[in-house]
Every structure is written in structure tokens, then in C-alpha cells.
Visitor: 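Here it is, the structure in full.
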Amino acid sequence: MNEPWDDIRAAVRKAIDGGLRSMGTEVDYVLESPPAGIADLAVPCFPMAKALRRPPVAIAEELANLIPAENMIREVWADRGYLNFRINDDFLVKSTLEDVLQRRLDFGKGDTRGKIVLLEHTSVNPSGPIHVGRARNPIIGDTLARCMRHCGYDITTEYYVNDVGKQVVLLTWGLENIDPSEVDATGRDKDDHRLVGFYQIANRRLEEDPDVRTEVASMLQRFEDGDAEVINKVRHTTEMMLAEIGTTLDTINVSLDSFKWESDFIVDGAAKDIVDSLTRVEQCHEEGGALYLDLNEFEVHGKDTRFFFTRGDGTTLYTTRDMAYHLDKFRRADRVIDVLGEDQKLGSQQLTIALGLLGEPRAPECLFYSFVSLPEGKMSTRKGTVVYMDDLIDEAETRAYEEVRKRREDLSEERMREIARIIGRGAIRHSIAKVQPEKPLVFHWEEALNFEGNSAPYLQYSHARACSILRKAGDYERRADPDMLVDPTERKLVRAISRFPQVMRDCGEEWRINALPVYGHELASTFNQFYVATPVLSSGKYRDHRLTLVECTMWVLRNVLENLGIGAPEEM
RNA sequence: GCCCGAGUGGGGUAGCUUGGAUAUCCUAAUAGACUGCGGAUCUAUUGACCCGGAUUCGAAUUCCGGCUCGGGCGCCA
């Protein structure tokens with residue numbers, strides 16, 4: 001699908017190529033979008049100077065004289081070594097608006113790719129409620145999945161359920177051995193919040209009491225030996241936790257397409273197969289019964305270059321099972337994407353190298369994010385120094401409710417609650433999605449729950465305002481006549497709309513999802529400028545055209561919100 | 001100690017992949033606009049590229065060296 005700007009850029013390139021040919025050369029050049037206001041498109045002529053052995057200023061001037069201002073090009077001029085273009089707005093207005101009217105939420109959608117993508121995200125340990133330290137994972141993962149889907153990829157999202165290992169086993173032990181009266185019951189009435197108290201106490205016992213250590217170790221051993229009783233008990237605990245985590249994720253509009261259980265790779269022998277294969281690799285060595293690969297030649301190391309894949313007792317390790325999981329993923333998909341916390345970087349490198357040694361040519365594509373921390377430091381479920389997602393969501397909804405009640409006394413209680421839910425939840429997703437994943441993020445209540453400026457409510461409000469105009473307008477004829485949309489604010493708005501497809505490509509192809517909130521704010525802001533400057537309903541012969549522009553804006557705003565996983569209420 | 005990230009106005013943030021013209025936007029502060037199609041709005045002003053070198057006609061962007069912060073360096077997950 002060709003978007004308006006693709007056609008424009010192609011036409012401009014053709015004209016430049018023609019100009020260069022008349023000069024008797026075919027040098028490479030970059031066609032860039034200069035800072036707003038200077039020009040629409042520009043070619044810096046400095047890099048050509050060497051090849052043409054002429055000063056950049058002269059090159060730009062000669063090219064400007066050689067290229068005619070016709071068709072899509074309205075004006076060509078040279079400025080201090082730049083070749084500048086002003087493009088024909090009329091074409092942009094007509095093609096953009098017609099495109100949006102016709103495709104609505106499919107505007108900017110890419111052609112279907114033949115490839116299947118498996119995107120793993122969230123995969124948090126099911127040992128406690130999800131907290132905001134990990135909040136970036138589901139939000140980044142789900143937003144990326146939405147954007148890539150919009151770009152035409154066939155995406156399946158998957159949660160890898162960590163039901164093997166000390167954490168869940170310890171929790172299961174705690175549920176059986178800790179007297180419920182010992183557990184602090186101040187938490188909320190939700191299983192994950194109830195269970196986490198057992199987990200914290202169990203951790204303390206484990207540190208203090210050697211007998212507990214022995215008991216838990218024996219449970220772990222039985223689990224790894226495939227003891228059905230232990231496995232089922234642990235699975236039961238995990239299922240309880242997972243269901244509640246799912247409920248939390250659901251409130252912020254995140255749903256996973258599938259769940260893969262780590263223990264499956266023990267039960268079906270895939271983890272053992274990995275061990276057998278790795279044993280035959282030349283880098284494999286043994287120490288005290290434990291097996292490891294020496295990754296010296298790959299320059300990947302922690303304390304040393306050894307990467308252990310079994311314990312001395314022959315049981316497998318997390319990364320060993322993760323290898324089995326990745327081979328399974330590669331069987332199911334063409335591309336495998338993992339959204340991971342930055343603490344997984346080393347493990348992920350080791351995993352990729354080990355897979356390579358087994359003859360797997362593909363590697364997972366990883367998106368790492370840094371953790372959200374509190375002003376006083378890192379969050380820890382074990383230590384109880386956390387802000388839970390459920391609490392953050394509640395707080396956001398409460399604050400949103402107060403705002404709605406202030407403004408909309410006419411609405412029913414139920415409707416106010418409903419709108420407050422959409423606004424509060426959206427604000428959380430937006431505040432996380434707008435920051436580049438690798439940037440450190442310190443959690444502040446006021447910032448996460450900011451409803452002004454560059455925030456979800458600002459986008460939602462602009463959308464609701466557009467809906468309101470369209471509601472009041474009733475029937476109108478959809479028209480996209482450039483001669484009737486000549487006001488600078490109208491032209492600016494059309495330009496903002498026309499950029500959406502490019503932004504979506506940036507999000508889906510380059511994984512720059514934070515570009516979407518940035519763009520959304522620009523679009524909403526441009527719409528608000530148009531709104532104060534230009535009457536719509538009472539604008540006589542312009543009415544239909546302006547309503548068409550409002551409708552197109554509404555579709556694109558909704559499209560932005562949809563790809564961010566944020567609700568778009570028609571009133572608020 | 002070694003490895004990997006991040007440092008942009010008072011606070012937050014975009015731009016960095018592919019060097020280019022006047023560094024984006026929010027917030028804050030100050031001053032203003034509107035009986036309007038919804039004021040969760042709009043306009044104006046103030047204010048920043050961690051430090052030092054190098055490459056270049058040109059560096060927030062590339063390279064080298066520091067500093068500060070986060071993460072990693074388990075026969076944990």
C-alpha cells in the first residue's frame with residue numbers, strides 16, 4: 001500500500017535525479033525532512049561537494065535552477081547549501097483525507113507479510129502480584145505487538161510460565177507449612193495478594209532454618225525427577241497466581257494469546273535432550289558432575305567464561321530449559337521476539353550462543369527495558385518494597401473519577417465510573433509507553449497519574465471533542481476538496497494526519513513505540529489549534545469539508561489510542 | 001575489578017541507528033485569549049545537550065578518555 005508521502009518522495013527523487021543527470025552525474029544523496037517550517041523536503045548538498053569538486057552552495061543553486069516546480073513540487077530553492085522543496089499541498093490534502101475516509105482504522109496498515117512472529121512478553125515469575133517494577137514488560141510487549149500487527153505481521157503473543165524452580169516451589173511449601181494466622185492479612189481480597197505474604201515468610205524461614213532448606217531442596221529434586229504429586233501441587237499454586245496476574249493485565253488491556261509452561265519441557269524430556277546434545281559439543285566440560293560450556297572464544301562472560309547447563313546432581317538449569325523453549329518457538333514461528341528486563345542480557349547472550357552450537361542458525365530478537373524503580377531504590381517482592389499494579393490502577397481510577405465528577409455532573413454514577421476506568425488505565429499505559437525502553441524510569445505517583453499535557457487523557461479528550469462535533473453535526477457530505485481547506489491550521493492538521501503511516505512503520509518495524517505517544521500528542525495538539533481557530537458547524541459552505549477533516553482526525557486519534565491499547569471514549 | 005546500558009532547560013522527555021539549517025514536547029513560572037463546535041483548550045515569554053579531547057566544512061548525534069547513576073558478573077530464576 002502506497003501512502004501519500006511515498007508518492008511525493010518518489011516524485012521529488014525523480015525530479016532530483018533528472019537534475020543531477022543534466023549536470024552529468026549520479027551521486028547518492030539523502031532526502032530528509034528539515035525542521036518544521038523551513039521546507040517540506042530537503043537535500044543537503046555538502047556530501048556531494050567532494051565528488052563534484054564544487055562548493056555545496058553552487059551545487060544547490062544549480063540544481064534549484066534545473067528542477068522545474070511542477071506537479072507535486074510547488075517550489076524549489078537553494079539556501080546555504082541546501083536544496084529545498086515545498087510540495088504541492090493540494091495533492092496531500094486530497095489523497096490523505098480520501099485514504100482515511102476509505103480505510104478508517106486500517107489507515108496506515110501495512111500489507112500482510114508471509115511471516116509468523118512469536119512475541120514473548122511479560123513472563124513474570126508467578127510468585128506474587130505484578131508490580132510496577134515490571135510494568136514495562138506487558139505494556140511495551142503489548143504495544144509492540146499491536147504496532148507490528150498494524151504493520152502487517154502475523155503475531156502471536158506468549159507468556160512463558162515459570163513454574164519450575166525455587167520460587168514457586170518455595171511458595172507452595174509455604175502454603176502447606178505456614179499457619180495462615182501468621183500472614184499479614186492487610187492486603188486486598190485477591191489471591192495473588194493473599195499468597196504473596198506466604199512467599200515472604202517462606203523466604204525468611206528459608207534463610208533462617210536449615211531444615212526448611214533441606215525440605216525445599218527435596219521438593220525441588222522430586223519436581224525435577226518428574227514426581228507427579230509435587231508437579232501438580234506446584235502447578236496448582238502457579239495457576240492460582242497466574243489467573244490473578246491475568247486479571248491485572250486484563251485491566252490494562254493486555255491479553256496474551258498463549259501460555260507455555262516451563263515444566264512441560266521437563267515432563268516431555270526436551271530439557272534432557274538439550275543436555276544430551278550439548279554434551280556432544282566440543283566446548284562441553286565437566287566439573288564435580290556439573291556440565292558447562294566454555295564460551296571463551298565468544299567473548300561472553302560473567303565472572304569467567306563458563307556457562308553451566310546442569311547442576312552436579314544432573315538436574316537442568318533455567319537457561320537449559322529456556323533453550324528447549326526457544327527451539328520450540330523456532331519450530332512454530334519464522335521470527336522470535338523476546339521482551340526482557342535488562343537483567344536478562346547475559347543469559348540471553350549465552351542462550352543464543354549455545355543454540356548456535358546446537359546448529360540453530362536463528363537467534364531471538366530481544367528488546368531489553370530497564371526496570372522501573374522507586375525514588376528510594378529497587379522494588380522487591382521478596383522484601384515487600386513494592387508498588388503493586390493493582391494499587392496503581394485503583395489510584396489512577398480514583399483520581400480520574402474525581403476529575404470526571406467535577407466536570408460532568410450530568411452523567412449517571414455508573415457512566416462516570418466507566419469513563420474513569422478508561423481514563424485511569426489509559427494514563428498508566430501512556431506514561432510507560434512514552435518513554436524509551438532502555439531509559440531508566442523512576443516511579444513517581446504524580447507523574448504516572450498526570451492527566452495534563454502529554455498524557456492519555458489529553459488524547460482521549462481531543463478524540464471525545466471530535467466525536468462531540470460529529471454528533472452535533474448530524475448528516476453531512478464527506479468532501480475532501482483542497483480549495484475549501486485552505487486555512488493554515490487546516491493544512492497543518494492534514495499534514496499531521498498524513499504522517500501517521502510513517503510513524504506506525506517506525507513503531508512496528510524499528511520498534512520505536514515511544515514515537516506513537518509523541519505523535520499522538522502532536523496530532524491532538526494540532527487539532528486543538530484548529531479547533532480554537534476555525535469554526536466548523538457554523539461555517540457555511542466550508543461546513544462539510546471541515547466536518548470531513550474532523551472525522552479524519554477522529555479516526556486517526558482513535559487509531560493511535562487503539563495501537564497504544566488505550567480506550568477511546570466518545571464522551572468524557 | 002570486568003561487561004552492558006543511561007546522562008538533554010528547575011523537574012520530566014523527543015531527537016542519536018543514517019552528523020547538517022532555528023534542539024521537540026510536557027511540566028513549572030509569568031503575561032494574555034474565549035458566551036464557544038466541550039476550559040482536561042489556545043497564544044506569548046523564560047530556560048538545557050555530564051566533563052575533557054579527537055575526527056569533520058559542520059558533532060546532542062561518531063570515536064577515545066573520565067565522572068555519575070542503573071543492570072549484570074550463581075551448579076538462582
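The model shown is predicted, which means the values in this text are computed figures rather than measured ones. Numbered from 1 within each chain, the chains take letters A, B, ... in sequence-line order.
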Visitor: Going by side-chain contact (heavy atoms from CB on, under 4.5 Å), name the residues that satisfy it together with L52(A), two or more places apart in sequence or in a different chain.
Guide: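 Testing L52(A) for side-chain contact (heavy atoms from CB on, under 4.5 Å), a comparison that skips the adjacent residues, returns M23(A), T25(A), V27(A), M48(A), I59(A).
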
Visitor: If you measure from the P atom in C49(B) to the same atom in G12(B), how many Å do you get, rounded?
Guide: 15 Å

Visitor: Given G11(B), U17(B), C26(B), identify the nucleotide with an atom nearest to the side chain of N450(A).
Guide: C26(B)

Visitor: Any chance you could list the contact pattern along nucleotides 66-71 of chain B? Use B for base contacts, S for sugar-phosphate-only contacts and - for none, protein heavy atoms under 4.0 Å, 5' to 3'.
Guide: ----BS

Visitor: Does one side chain, of T316(A) or T310(A), offer a donor that lies under 3.5 Å from an acceptor on the other?
Guide: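 The criterion, which ignores hydrogens and geometry beyond distance, is not satisfied for T310(A) and T316(A).
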
Visitor: Quick check on C76(B): is either OP1 or OP2 less than 4.0 Å from any side-chain nitrogen or oxygen of R311(A)?
Guide: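 For C76(B), OP1/OP2 do have a side-chain N/O of R311(A) under 4.0 Å.
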
Visitor: Tell me the partner of C34(B), counting only Watson-Crick (N1-N3 plus N6-O4 or O6-N4) or G-U wobble (N1-O2 and O6-N3) with both under 3.5 Å; none if nothing fits.
Guide: none

Visitor: Out of C37(B), G15(B), G38(B), which has the shortest distance to the side chain of V536(A)?
Guide: C37(B)

Visitor: Rounded off to whole Å, could you give me the NE2-to-C1' distance for the H285(A) and C75(B) pair?
Guide: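 Rounding to the nearest Å, NE2 of H285(A) and C1' of C75(B) are 16 Å apart.
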
Visitor: Going by salt bridge (charged side-chain N to carboxylate O under 4.0 Å, His left out), name the residues that satisfy it together with R204(A), two or more places apart in sequence or in a different chain.
Guide: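 By the salt bridge (charged side-chain N to carboxylate O under 4.0 Å, His left out) rule, R204(A) matches no residue at all.
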
Visitor: Using both distances under 3.5 Å as the test, list the Watson-Crick or G-U wobble partner of G52(B), or none.
Guide: C64(B)

Visitor: It should be established whether Q436(A) places a side-chain nitrogen or oxygen under 4.0 Å from OP1 or OP2 of nucleotide G15(B).
Guide: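 Yes, because at least one side-chain N or O of Q436(A) sits under 4.0 Å from OP1 or OP2 of G15(B).
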
Visitor: Among residues two or more places apart or on two chains, list those pairs meeting side chain to side chain donor-acceptor pair (under 3.5 Å) that have a residue in residues 506-522 of chain A.
Guide: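 Qualifying pairs, neighbours excluded: R113(A)-E509(A), Y153(A)-E509(A), R499(A)-E522(A), D506(A)-R512(A).
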
Visitor: Write down the distance between CZ (R543(A)) and P (C37(B)), rounded to a whole number of angstrom.
Guide: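 About 12 Å, once rounded to whole Å.
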
Visitor: Give the B/S/- string for nucleotides 42-48 of chain B, one per nucleotide from 5' to 3', where a protein heavy atom under 4.0 Å of the base yields B, of only the sugar-phosphate yields S, and otherwise -.
Guide: SS-----

Visitor: Kindly say if R465(A) contacts the phosphate of G39(B), meaning a side-chain N or O under 4.0 Å from OP1 or OP2.
Guide: yes

Visitor: If you compare every side-chain N and O of Y531(A) against the phosphate oxygens of G39(B) (OP1, OP2), does one of them come in below 4.0 Å?
Guide: yes

Visitor: Considering only A77(B), A21(B), A40(B), which nucleotide approaches the side chain of P34(A) most closely?
Guide: A21(B)

Visitor: What pairs of residues pass the side chain to side chain donor-acceptor pair (under 3.5 Å) test when at least one of them lies in residues 400-410 of chain A, not counting sequence neighbours?
Guide: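 Qualifying pairs: Y401(A)-E413(A), E403(A)-K406(A), E403(A)-R407(A), R408(A)-D410(A), R408(A)-E571(A).
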
Visitor: Any strand counts, and the cut-off is 3.5 Å on both contacts for Watson-Crick or G-U wobble. Which nucleotide pairs with C2(B)?
Guide: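 Its partner is G72(B) (Watson-Crick or G-U wobble, both distances under 3.5 Å).
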
Visitor: Salt bridge check, D264(A) against R235(A): does any charged N sit closer than 4.0 Å to a carboxylate O?
Guide: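 Yes, R235(A) and D264(A) are salt-bridged.
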
Visitor: What's the gap between U45(B) and G52(B) when it is taken at their P atoms, as a whole Å value?
Guide: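 My reading of the P atoms in U45(B) and G52(B) gives 31 Å.
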
Visitor: When the distance from CD of E522(A) to C1' of C26(B) is rounded to whole Å, what number comes out?
Guide: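 Nearest whole value for this atom pair: 14 Å.
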
Visitor: In the structure shown, which nucleotide is the Watson-Crick or G-U wobble counterpart of U45(B), with both distances under 3.5 Å?
Guide: A29(B)

Visitor: If you look at every strand shown and take non-hydrogen atoms under 4.0 Å, does G165(A) touch a base, only sugar-phosphate, or nothing?
Guide: sugar-phosphate

Visitor: Does any donor atom in the side chain of D338(A) or H326(A) lie under 3.5 Å from an acceptor atom in the other side chain?
Guide: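 Yes, H326(A) and D338(A) have a side-chain donor paired with an acceptor closer than 3.5 Å.
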
Visitor: Would you say A40(B) has OP1 or OP2 under 4.0 Å from some side-chain N or O of Y461(A)?
Guide: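 Yes, within the criterion.
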
Visitor: Identify which nucleotide among U27(B), G38(B), C75(B) has an atom closest to any side-chain atom of E452(A), counting heavy atoms from C-beta outward.
Guide: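 Closest of the options to the side chain of E452(A): U27(B).
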
Visitor: Counting side-chain heavy atoms from CB outward, which of A40(B), A14(B), A21(B) is closest to M572(A)?
Guide: A40(B)

Visitor: If the cut-off is 4.0 Å, is K472(A) near the phosphate of G38(B), judged by side-chain N/O to OP1 or OP2?
Guide: yes

Visitor: Return the set of residues passing side-chain contact (heavy atoms from CB on, under 4.5 Å) with P210(A) (not counting sequence neighbours), or none when no residue passes.
Guide: none

Visitor: Would you mind classifying the nucleic acid contact of A42(A) as base, sugar-phosphate or nothing, using non-hydrogen atoms under 4.0 angstrom?
Guide: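 Base: the residue A42(A), judged by heavy atoms under 4.0 Å, touches a nucleobase.
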
Visitor: Between C26(B), A21(B), G15(B), which nucleotide gets closest to the side-chain atoms of N454(A)?
Guide: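 Nucleotide nearest to N454(A)'s side chain: C26(B).
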
Visitor: Applying a 4.0 Å non-hydrogen cut-off, can you work out what L317(A) is touching in the nucleic acid: base, sugar-phosphate, or nothing?
Guide: sugar-phosphate

Visitor: C1' atom, A21(B) versus C37(B): distance in rounded Å?
Guide: 39 Å

Visitor: Between A40(B), A14(B), C57(B), spot the one nearest the side chain of N514(A), thanks.
Guide: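 Nucleotide nearest to N514(A)'s side chain: A14(B).
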
Visitor: Take atom CG of L293(A) and atom C1' of C75(B), then tell me their distance rounded to the nearest Å.
Guide: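 These atoms are roughly 13 Å apart.
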
Visitor: Starting the side chain at C-beta, find the nucleotide from A77(B), A6(B), A40(B) nearest to Q167(A).
Guide: A77(B)

Visitor: Please give the nucleotide sitting opposite A23(B) as a Watson-Crick or G-U wobble pair, both distances under 3.5 Å, or none.
Guide: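 By the stated definition (distances under 3.5 Å), nothing pairs with A23(B).
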
Visitor: When rounded to the nearest Å, what value does the distance between C1' atoms of C3(B) and G58(B) take?
Guide: 34 Å

Visitor: My understanding is that a pair needs two contacts under 3.5 Å, Watson-Crick or G-U wobble. By that rule, which nucleotide pairs with C16(B)?
Guide: none

Visitor: Could you tell me if the side chain of Q349(A) sits less than 4.5 Å from the side chain of L346(A), heavy atoms only?
Guide: yes

Visitor: Atom NZ of K439(A) and atom P of G5(B): how far apart are they, to the nearest Å?
Guide: 15 Å

Visitor: Listed by chain and number, what are the salt bridge (charged side-chain N to carboxylate O under 4.0 Å, His left out) partners of R13(A), not counting sequence neighbours?
Guide: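 So R13(A) forms no salt bridge (charged side-chain N to carboxylate O under 4.0 Å, His left out) with any residue.
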
Visitor: Which residues pass the side chain to side chain donor-acceptor pair (under 3.5 Å) test with S525(A), not counting sequence neighbours?
Guide: Q529(A)

Visitor: Between H463(A) (NE2) and G38(B) (C1'), how many Å, whole number?
Guide: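 The distance from NE2 of H463(A) to C1' of G38(B) comes to 14 Å, rounded to the nearest Å.
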
Visitor: How would you label the contact of L291(A) with the nucleic acid (heavy atoms, under 4.0 Å): base, sugar-phosphate, or nothing?
Guide: nothing

Visitor: Where along residues 125-136 of chain A does a heavy atom come under 4.0 Å from RNA chain B, residue by residue in number order?
Guide: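 Correct list: N125(A).
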
Visitor: Over all strands shown, is R512(A) touching base, sugar-phosphate only, or nothing at heavy-atom distances under 4.0 angstrom?
Guide: base

Visitor: Using a cut-off of 4.0 Å on non-hydrogen atoms, how would the nucleic acid contact of V164(A) be classed: base, sugar-phosphate, or nothing?
Guide: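 Sugar-phosphate only.
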
Visitor: Return each pair, listed once, that meets side chain to side chain donor-acceptor pair (under 3.5 Å) where at least one residue sits in residues 446-458 of chain A; pairs must be two or more places apart or across chains.
Guide: Y458(A)-N528(A)

Visitor: In this structure, how many angstroms lie between the P atom of U18(B) and the CG atom of D506(A), rounded?
Guide: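 Atom-to-atom, D506(A) to U18(B), this comes out as 14 Å.
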
Visitor: Using distance alone, with no hydrogens and no angle criterion, decide if Q221(A) and D225(A) have a side-chain donor and acceptor under 3.5 Å apart.
Guide: yes

Visitor: Could you list the residues that satisfy salt bridge (charged side-chain N to carboxylate O under 4.0 Å, His left out) with K541(A), not counting sequence neighbours?
Guide: none

Visitor: To the nearest Å, how far apart are W511(A) CH2 and U17(B) P?
Guide: 19 Å

Visitor: Run the numbers on Y292(A) and F307(A) for ring-ring contact (aromatic ring centres under 6.0 Å, His included), then give the verdict.
Guide: CA-CA 5 Å; Y292(A) 66 91; F307(A) 162 56; 9.7 Å; no

